[in-house]
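Below you'll find the structure, written out as structure tokens, and then a few comments.
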Amino acid sequence: NVTKEITIKGGSITGQLSGNNEIDFYLQYAREIKSRFKNHWIVKAVVEAFEPADCKRLKEEGLVDIYHPNYEVWDIKLFKKLCPGKERFVGHQEWINRIIAAGDVFGPENVIPNFVAGVEMAQPFGFKNLHHAVESIAEGLDYFMSRGIMPRFTTWCPEPFSYLKNQTPPPLEYYVKLLRTWRDIKEKYD
């Protein structure tokens, strides 16, 4: 296999790391990659939902090509429960607004918010019915795709040291229904 992209990712940096704020921390790596390897790779940044000015810096100063502001879960109540840091530092609606605004900087086809497929069924907060869970995430898919932004999924895996570590993952039927829903919404917006 020939590698075509390189991903810069990490969690949110709420203070200083190695003497840098969050955007400067990521920019140092993007700049170095581009200065050494030019356009050998597409550079992707899997980071938080930055304000438009910071997105512009990633694009112009770091030459980041693809922007992944991970969204996690669409439902506002679940977002607040499952993503308390994102809720506290940015907020549900502002996170959405920043993803949409990033489309003006990178081009909507280069903004790829990530949903964690299945986490909306995590108990005790999540949906108990897989069809309701898929309907919820479908709202988010429709919202972003109607604006030219193409979300993607990662599959939720309960991590051993997390609060959700003892969860049972959703059944295969959930993932089949979700992928069909994604396909149908994609076809709707061509």
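As a basis for the values below, the full set of heavy atoms in this structure was taken, side chains included, without hydrogen atoms, waters or symmetry mates.
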No-hydrogen, no-angle side-chain donor-acceptor test under 3.5 Å, Lys9 and Asn70: no
Heavy-atom closest contact (Pro113 atom, Ile149 atom, distance): CD-CG2, 3.3 Å
Met121 backbone acceptor or donor facing Trp156 side chain under 3.5 Å: no
Cluster link Ile66 to Val46, ILVMFWY, side chain under 4.5 Å: no
Arg31 side chain to Gly62 backbone, donor-acceptor under 3.5 Å: no
Residues forming a ring-ring contact (aromatic ring centres under 6.0 Å, His included) with Phe79, sequence neighbours excluded: Tyr71, His92
Asp65 side chain to Val43 backbone, donor-acceptor under 3.5 Å: yes
Asp75 vs Phe127, side chain to side chain contact (heavy atoms under 4.5 Å, CB included): CA-CA, chis, key distance, verdict: CA-CA 10 Å; Asp75 181 84; Phe127 295 97; 4.1 Å; yes
Pair Lys86 + Glu72, salt bridge at N-O below 4.0 Å: yes
Ring-face cation contact, Phe144 with Arg147, 6.0 Å cut, 45° max: no
Under 3.5 Å side-chain donor-acceptor pair for Tyr189 and Asp142: yes
CZ/Arg180: more than 12 non-hydrogen atoms of other groups inside 6.0 Å: no
Under 3.5 Å donor-acceptor, Glu32 side chain and Ser35 backbone: no
Rounded distance (nearest 0.5 Å) linking atom CD1 of Ile23 with atom NZ of Lys56: 13.5 Å
Test item: Glu159 side-chain N/O and Tyr163 main-chain N/O as donor-acceptor pair under 3.5 Å: no
Rounded distance (nearest 0.5 Å) linking atom CD1 of Ile6 with atom NZ of Lys34: 10.0 Å
Ile100 reachable from Phe106 in the ILVMFWY side-chain graph, under 4.5 Å edges: yes
Heavy-atom side-chain proximity of Arg152 to His68 below 4.5 angstrom: yes
Polar contact flag, side-chain donor to acceptor under 3.5 angstrom, Gln93-Asn97: yes
Beyond-backbone contact of Pro69 with Val111, side-chain heavy atoms, under 4.5 angstrom: yes
Verdict with supporting geometry, Ile112 and Tyr67, side chain to side chain contact (heavy atoms under 4.5 Å, CB included): CA-CA 6 Å; Ile112 307 170; Tyr67 177 65; over 6 Å; no
Under-4.0 Å salt bridge between Lys177 and Glu173: no
Evaluation steps, side chain to side chain contact (heavy atoms under 4.5 Å, CB included), between Glu48 and Val90: CA-CA 9 Å; Glu48 73 166 272; Val90 178; 3.7 Å; yes
Separation of Ile42 CD1 from Lys4 NZ (nearest 0.5 Å): 8.5 Å
Min side-chain heavy-atom separation Lys59-Val64 under 4.5 Å: no
Atom CZ of Arg36: over 12 foreign heavy atoms under 6.0 Å: no
Distance (rounded to the nearest 0.5 Å) between Ser136 OG and Lys77 NZ: 11.0 Å
Side-chain heavy-atom pair Met145, Lys188 within 4.5 angstrom cut-off: no
Shortest non-hydrogen contact from Ala117 toward Tyr175: O-OH, 3.3 Å
Within-4.5 Å side-chain heavy-atom neighbours: Lys80 and Leu78: no
Ring geometry between Phe25 and Tyr29 (parallel below 30°, tilted from 30 to 60°, perpendicular above 60°): perpendicular
Gap between atom CG of Asn39 and atom CG of Leu63 - 0.5 Å precision: 7.5 Å
Parallel, tilted or perpendicular: rings of Trp74 and Phe115 (30°, 60°): tilted
Flag, side chain of Ser162 to backbone of Leu164, donor-acceptor distance under 3.5 Å: yes
Nearest heavy atoms of Pro52 and Ala101, plus distance in Å: CG-CB, 3.8 Å
Within one Ile-Leu-Val-Met-Phe-Trp-Tyr cluster: Tyr143 and Leu178, side-chain cutoff 4.5 Å: yes
Side chain to side chain contact (heavy atoms under 4.5 Å, CB included) evaluation trace for Lys165 with Phe161: CA-CA 6 Å; Lys165 66 184 173 200; Phe161 299 106; over 6 Å; no
Student check: side-chain heavy atoms of Asn166 and Pro158 closer than 4.5 Å: no
Distance, nearest 0.5 Å, that separates CZ of Phe50 from CG of Leu58: 5.5 Å
Exercise: identify the closest heavy-atom pair between Ala138 and Ile185: O-CD1, 3.6 Å
Ile33 reachable from Leu27 in the ILVMFWY side-chain graph, under 4.5 Å edges: yes
Within-4.5 Å side-chain heavy-atom neighbours: Glu109 and Met150: no
